[in-house]
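The analysis underlying the following values was restricted to heavy atoms, covering all of them including side chains, and did not include hydrogens, waters or symmetry mates. Both counts, for ligands and for their atoms, begin at 1 and track the order of listing.
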Amino acid sequence: MARDDYESVIGLEVHSELSTKTKIFCSCPTGFGAAPNSQTCPICMAMPGTLPVLNEKVVEYAVKAGLATDCEISRDSKNDRKNYFYPDLPKSYQISQFDKPLCTKGKIEIQTNNGKKIIGITRIHIEEDAGKLNHNEFGGGSLVDLNRAGVPLIEIVSEPDLRTAEEVELYLRKLKSILEYIEVSDCKMQEGSLRADVNVSVRKKGETKFGTRTEMKNMNSFRSITRAIDYEIERQIDVIENGGKIEQETLRWDEVSGKTFSMRDKEDAQDYRYFPDPDLVAIKLSEEYIENIKNMLPELPESRKQRYIE
Ligand code: ADP
Ligand code: ZN
Ligand code: MG
């Protein structure tokens, strides 16, 4: 079959660091670029016996992001532990949200060459960032910097509604402008405060079922996201055309070679052994609280544009 007989299906998981002054579960500052481990305390370094306390501003910022993307805001939400081992995660679990995210069922409208298109937002949840590993920077080996550990994030998961790298770029630019406009994140890709994991699959045109997807990480500019998507679509079509099967896996984009490399088999939710964090109370939001945040939101770019046109 020809390449033109295929279409790609793309869904994004975007992580955005919130610009709160302090971290999500302790009062350490969140500023970028400080000396390694200078913005840490026993809580974000995971010392035994320490307890997290949820920063209210994080909930406020996440609810703002949810309202600005037409999400439903959950009145009843909670934090869960996502268990995995990695040297940048001193607790060996990340506090995230599993089955009760703060925001669900939103949407973002993009303007493509063929007109308007709605991209569904599956969910927005809050979670903590991990630390950062510095490889070979200080005389060999790897050193851990925990300044970023516990910096608040929202993860914005899209429906698999995107079809091309161009649509992905439009969606990301729109999302970025919304988050900047409502002042919940500075969205600096080069500093990692906006990071997109891109899920890609291909299928023959006319097919109703989705193909097996791969998830790509490590792109830190719009250009590398576009390059990575175009590369991955071609790679998947080649595999299928040669009679092979796509493996569901996580891939690392390499900017220098312009290729994707296998990082690990894809984990399933069960591999993370999610469970409610017993150290944190449930997040209950009143109508009044949500109404107040609604009233705090500035007029969004889209609606202002519409108003001026009218
Ligand atoms: P996880 O990656 O944590 O398992 P999800 O199942 O929620 O999470 O899916 C993550 C992302 O993958 C979503 O953005 C979704 O739209 C996208 N996605 C799911 N299935 C496909 C597919 N077949 N092709 C492309 N993207 C997909
Ligand atoms: Zn701390
Ligand atoms: Mg994923």
Any pair counted as side-chain hydrogen bond (donor to acceptor under 3.5 Å, both in side chains), so long as it reaches residues 20-45, sequence neighbours left out:
Thr22-Asn55
Would you mind running through ligand 1 and noting each atom that sits below 4.0 Å from a heavy atom of Gly211?
23 (N)
For Glu166, side-chain contact (heavy atoms from CB on, under 4.5 Å) partners two or more places apart:
Thr164
Side-chain H-bond candidate by donor/acceptor type, Asn218 with Arg252, under 3.5 Å:
no
Taking only heavy atoms of Leu12 into account, list the atoms of ligand 1 that are under 4.0 Å away from them.
14 (O)
Cationic N near anionic O, under 4.0 Å, Asp5 to Arg203:
no
Relative to each other, are the rings of Tyr274 and Phe98 parallel, tilted or perpendicular (30° and 60° limits)?
parallel
Please determine if Val157 has a nitrogen or oxygen closer than 3.5 Å to a nitrogen or oxygen of ligand 1.
no
Taking atom CZ of Arg223 as the centre, report whether more than 12 heavy atoms of other residues, nucleotides or ligands fall under 6.0 Å from it.
no
Under 2.8 Å from the Zn ion (ligand 2), which protein N, O or S atoms are there? Could you list them by chain and number?
Cys26 SG, Cys28 SG, Cys41 SG, Cys44 SG
Give the atom numbers and elements of ligand 1 that come within less than 4.0 Å of a heavy atom of Glu159.
16 (O)
So which pairs with a foot in residues 65-80 pass side-chain hydrogen bond (donor to acceptor under 3.5 Å, both in side chains), sequence neighbours left out?
Asp70-Lys107, Arg75-Glu287, Asp76-Lys100, Asp76-Lys284, Ser77-Gln97, Lys78-Asp80, Lys78-Asp99
For Gly11, the ligand 1 atoms with a heavy-atom partner under 4.0 Å come out as 14 (O), 16 (O), 17 (C), 26 (N)
Can you find a side-chain donor-acceptor pair between Thr214 and Gln236 that sits under 3.5 Å?
yes
Going by the order shown, which atoms of ligand 1 are within less than 4.0 Å of some heavy atom of Ser158?
13 (C), 14 (O), 15 (C), 16 (O)
Which atoms from ligand 1 have a heavy atom of Val9 less than 4.0 Å away?
24 (N), 25 (C)
Is the shortest side-chain N to carboxylate O distance from Lys259 to Asp254 below 4.0 Å?
no
Salt-bridged, Glu207 to Lys204, with N to O below 4.0 Å?
no
Just going by heavy-atom distances, which of Arg213, Glu215, Arg203 is nearest to atom 4 (O) of ligand 1?
Arg213
